[in-house]
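Computed from a predicted model, the values in this text were never measured in an experiment. As the structure lists them, so they are numbered: ligands from 1, and atoms in each ligand from 1. Both backbone and side-chain heavy atoms feed into the values below; hydrogens, waters and symmetry mates do not.
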Amino acid sequence: MVSKIIGCRLLKQLQVIIQFIMKKISIQGIQYDEKSSYQKGPKLAPAIIREALNCGSMNMFSENLSSIENAMIDDKGDFEISEYFDIEKLTENHLNSNTKIFTLGGDHSITFPIIKAHHKKYSKLDILHIDAHSDLYDDYEGDKYSHACPFARIMENKLAVRLVQVGIRTLNAHQAEQADKFNVEIHQMKDLDLTKIPKFKNPLYISLDMDGFDPAFAPGVSHHEPGGLTSRQVINLIQNIDAEIIGADIVEYNPNRDIQNMTAFLAAKMMKEIISKMM
Ligand code: MN
Ligand code: MN
């Protein structure tokens with residue numbers, strides 16, 4: 001009897017230790033689109049993507065057979081943000097010692113405060129940024145924190161060792177200059193070869209702007225930019241990563257522009273694929 005009780009206690013302690021060692025993933029939704037320059041709507045995205053995920057249309061497995069219905073995943077819910085830098089505080093609160101964070105945005109401005117929070121934990125960070133736009137403006141319409149600027153802020157604050165951008169098809173002279181200044185590695189659509197995407201050595205953060213996809217695959221974005229990535233290309237790109245992914249976001253889904261929620265379903269699928277790579 002006594003040995004049975006001791007055995008039970010040991011088993012419980014072991015479970016606690018295993019849960020502690022296992023890296024947990026927290027999901028946070030950021031309802032924020034104040035820094036969108038052209039159209040509002042991404043604030044509504046987290047709820048609609050969750051709805052697509054949970055409506056019964058798809059199962060919870062990624063293509064590599066891990067389910068996101070998993071004890072390792074802790075869904076913190078969606079947060080309505082009024083002050084921009086509250087995003088940094090919120091992320092920092094969720095970023096405990098053994099937690100990785102997956103964020104549903106929100107417009108792309110949210111990535112700067114999120115990376116700021118991550119930098120306190122990871123001094124060396126690589127970023128894979130998938131987008132039609134390089135988001136490197138020094139300022140946009142007078143706003144340094146516009147959704148057109150987050151990667152300029154990240155690089156000038158030295159928050160990333162390496163920034164690799166894929167899907168870009170909107171460079172202008174200013175942004176090309178900024179890319180040179182910050183040593184950004186840009187894989188433009190016009191000469192894209194996915195076999196040339198480098199291997200990452202440092203902990204990796206993935207930032208997926210839904211307008212990186214061609215609008216034929218993802219019409220629910222504020223800025224339709226033809227000539228983009230296919231769903232399959234982005235899924236393969238994610239699946240072929242062999243670095244440790246320590247955080248990720250999906251941003252710029254604009255439900256107001258969507259057709260039959262098809263972009264929400266793509267975002268939900270990408271959420272499964274990215275989270276399963278984080279596990
Ligand atoms: Mn962007
Ligand atoms: Mn974009």
- Query: With a cut-off of 2.8 Å, does Asp107 place any N/O/S atom under that distance from the Mn ion (ligand 1)?
  - Reply: no
- Without hydrogens or angle criteria, can the side chains of Glu252 and His108 be said to hold a donor-acceptor pair below 3.5 Å? no
- Task: Check the hydrophobic clustering (I, L, V, M, F, W, Y; side-chain heavy atoms under 4.5 Å; chains of links allowed) and say if Phe61 and Met279 are grouped together.
- Result: no
- Does His108 bring an N, O or S atom to under 2.8 Å of the Mn ion (ligand 1)? yes
- Message: Just checking: His133, one of its N/O/S atoms, less than 2.8 Å away from the Mn ion (ligand 2), yes or no?
- Response: yes
- Message: Could you check whether Glu141 and Ser37, counting side-chain N and O atoms only, form a donor-acceptor pair closer than 3.5 Å?
- Response: no
- Item | Name of whichever N/O/S atom of Asp135 is nearest to the Mn ion (ligand 1) | OD2
- Criterion ring-ring contact (aromatic ring centres under 6.0 Å, His included) on Phe151 and Phe182, from CA distance to verdict: CA-CA 10 Å; Phe151 292 92; Phe182 298 125; over 10 Å; no
- If you measure only the distance, is there a donor-acceptor pair under 3.5 Å linking the side chains of Ser36 and Asp107? yes
- Do you know which N/O/S atom name in Asp131 is closest to the Mn ion (ligand 2)? OD1
- Checking only N/O/S atoms, does Asp209 have one that is under 2.8 Å from the Mn ion (ligand 1)? yes
- Query: Is the Mn ion (ligand 1) less than 2.8 Å from an N/O/S atom of Asp211, whether that atom is in the backbone or a side chain?
  - Reply: no
- Message: Less than 3.5 Å apart, any donor N or O on the side chain of Asp139 or Tyr145 sitting next to an acceptor on the other?
- Response: no
